[in-house]
Amino acid sequence: IDIDNSKKLIKLAREAHIKFTSGDNKIHINGKDVTSLIRNKKIDESVSDVAQIKEVRQVMLKMQRDMAREGMIVVDGRDIGSRVLPDADLKVFLTASLEERAKRRYEEIKDREPALQLNDVKKDIKQRDYIDQHREESPLVRADDAVLLNTTGLNIEESVNYVIKLIEKDV
């Protein structure tokens with residue numbers, strides 16, 4: 001679908017059945033495993049443009065809330081605490097320096113996209129941040145009651161342990 005064809009994108013969003021399976025951390029759309037497909041450069045370049053379409057956001061909002069109602073779940077996204085799940089028991093606003101986020105993303109996808117350069121990833125993240133922070137519908141903002149966690153210099157284990165301590169404190 002042409003990224004500029006909002007009518008087709010809205011139709012696709014309305015017809016898509018998205019399922020997350022927690023046992024294997026997989027994302028399925030209409031029964032197809034798309035876990036690795038949704039983590040590529042083309043998607044990264046397009047996601048902020050699609051996220052600006054109000055009707056697509058409304059469909060996704062309902063899906064995300066329905067998934068969260070199923071029980072104990074950790075959800076991440078750029079407007080989860082401020083818009084999708086504003087009454088969540090615990091909200092953590094994860095951040096890191098642009099350089100750190102670009103390095104992590106590059107490491108995640110470099111094997112699938114060998115021509116990719118770190119500077120391109122950094123530029124794309126910076127552009128996405130700007131678009132998401134300035135969009136009219138559900139801009140990227142930290143919820144007032146979200147705990148700020150700057151993960152610059154932390155590894156995954158250290159970040160997870162910090163969040164676990166927050167959960168244990170909150171329970």
Side-chain angles (χ1 to χ4, degrees), residues 18-29 33-48 50-51 57 60-61 63-135 138-171:
I18 301 173
K19 183 167 175 66
F20 171 74
T21 53
S22 60
D24 57 5
N25 291 325
K26 300 281 185 181
I27 306 274
H28 294 84
I29 299 179
D33 180 359
V34 296
T35 308
S36 62
L37 295 174
I38 63 172
R39 304 293 277 165
N40 67 43
K41 187 168 176 14
K42 177 110 172 116
I43 298 296
D44 284 346
E45 291 170 349
S46 305
V47 70
S48 291
V50 175
R57 292 198 73 76
M60 295 306 298
L61 177 70
M63 278 191 226
Q64 290 168 316
R65 286 181 174 166
D66 288 347
M67 283 187 238
R69 272 190 213 94
E70 292 180 17
M72 302 284 288
I73 188 168
V74 175
V75 183
D76 78 303
R78 291 186 158 216
D79 66 345
I80 298 299
S82 61
R83 173 82 170 120
V84 179
L85 301 171
D87 297 324
D89 293 332
L90 175 65
K91 297 178 221 165
V92 180
F93 189 87
L94 288 173
T95 190
S97 69
L98 176 60
E99 291 75 18
E100 181 90 14
R101 291 183 296 138
K103 186 178 103 186
R104 291 173 183 169
R105 186 72 174 131
Y106 176 75
E107 289 298 320
E108 180 182 4
I109 62 177
K110 70 179 181 181
D111 292 337
R112 291 191 309 260
E113 301 188 35
L116 189 64
Q117 298 294 312
L118 179 60
N119 280 339
D120 294 332
V121 175
K122 185 176 176 181
K123 185 179 83 169
D124 291 346
I125 289 173
K126 187 174 182 178
Q127 176 67 18
R128 182 176 176 197
D129 286 350
Y130 180 84
I131 291 169
D132 289 352
Q133 290 167 356
H134 293 89
R135 68 178 175 232
S138 297
L140 167 61
V141 294
R142 175 181 165 200
D144 292 337
D145 57 343
V147 175
L148 178 64
L149 173 53
N150 187 330
T151 64
T152 304
L154 300 180
N155 62 34
I156 292 173
E157 184 177 305
E158 292 167 324
S159 300
V160 169
N161 286 336
Y162 184 89
V163 173
I164 288 171
K165 286 179 184 170
L166 290 173
I167 293 168
E168 290 170 345
K169 180 180 169 186
D170 200 46
V171 172

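All values below were derived from every heavy atom in this structure, side-chain atoms included, with hydrogens, water molecules and symmetry-related copies excluded.
Between Val121 and Ala102, the shortest heavy-atom distance links the atoms CG1-O, 3.6 Å. Scanning all heavy atoms of the two residues, the minimum distance from Ala96 to Thr152 falls at CA-OG1, 3.2 Å. Closest approach of Met67 to Phe20, counting heavy atoms only: SD-CB, 4.3 Å. Nearest approach of Asp124 to Glu45, heavy atoms of both residues: OD2-OE2, 3.9 Å. When all heavy atoms of Ala51 and Arg57 are compared, the pair lying nearest together is O-CD, 2.7 Å.
Summarising the geometry, atom OG belonging to Ser36 is positioned 12.0 Å from atom CD1 belonging to Ile109; distances are rounded to the nearest 0.5 Å. Expressed to the nearest 0.5 Å, how far CG of Asn155 lies from CG of Asn161 amounts to 8.5 Å. In this structure, Glu113 CD and Lys42 NZ are separated by 11.5 Å, a value rounded to the nearest 0.5 Å. Of the inter-residue distances, the one linking Tyr130 atom OH with Leu140 atom CG reads 13.5 Å to the nearest 0.5 angstrom. One finds the OG1 atom of Thr35 at 9.5 Å from the CD1 atom of Ile29 (value rounded to the nearest 0.5 Å).
When side chains are defined from C-beta on, Lys110 does not count as touching Leu116, because their heavy atoms never get closer than 4.5 Å. Side-chain atoms of Ile80 and Gln64, non-hydrogen and from C-beta on, do get closer than 4.5 Å to each other. In this structure, the side chains of Val84 and Val75 stay at 4.5 Å or more apart for every pair of heavy atoms. Between Met60 and Asp79, the closest side-chain pair of non-hydrogen atoms is not below 4.5 Å. The side-chain heavy atoms of Ile167 and Leu90, taken from C-beta on, include a pair separated by under 4.5 Å. With a 4.5 Å cut-off on side-chain heavy atoms, Arg39 and Arg112 count as touching. Looking at Val163 and Val74, their side chains never come closer than 4.5 Å, going by heavy atoms from C-beta outward. Side-chain contact check for Arg65 versus Arg69: some heavy-atom pair is nearer than 4.5 Å.
For Ile156, the CD1 atom is loosely surrounded, since the number of other residues' heavy atoms within 6.0 Å does not exceed 12. Counting non-hydrogen atoms of other residues, nucleotides and ligands closer than 6.0 Å to CG of Asp76 gives a total of 12 or fewer. The local environment of CG in Asp144 is sparse, with at most 12 non-hydrogen atoms from other residues, nucleotides or ligands closer than 6.0 Å.
A side chain to side chain donor-acceptor pair (under 3.5 Å) with Asp44 is found for one member of Arg128, Gln127, Arg105 and no other, namely Arg105. Test Leu148, Asn150, Val147 against Phe93 for side chain to side chain contact (heavy atoms under 4.5 Å, CB included) and you get one pass: Leu148.
No donor-acceptor pair closer than 3.5 Å links the side chain of Ser82 to the backbone N or O of Ala143.
The list of salt bridge (Lys or Arg N to Asp or Glu O under 4.0 Å) pairs with a residue in residues 145-162, not counting sequence neighbours, reads Lys91-Asp145.
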Kindly indicate, with the supporting measurements, whether the criterion salt bridge (Lys or Arg N to Asp or Glu O under 4.0 Å) is fulfilled by Asp129 and Arg78. CA-CA 9 Å; Asp129 286 350; Arg78 291 186 158 216; 2.6 Å; yes
Quick one, Glu100 with Arg104, criterion salt bridge (Lys or Arg N to Asp or Glu O under 4.0 Å). Give me CA distance, side-chain angles, the key distance, then yes/no. CA-CA 6 Å; Glu100 181 90 14; Arg104 291 173 183 169; 3.0 Å; yes
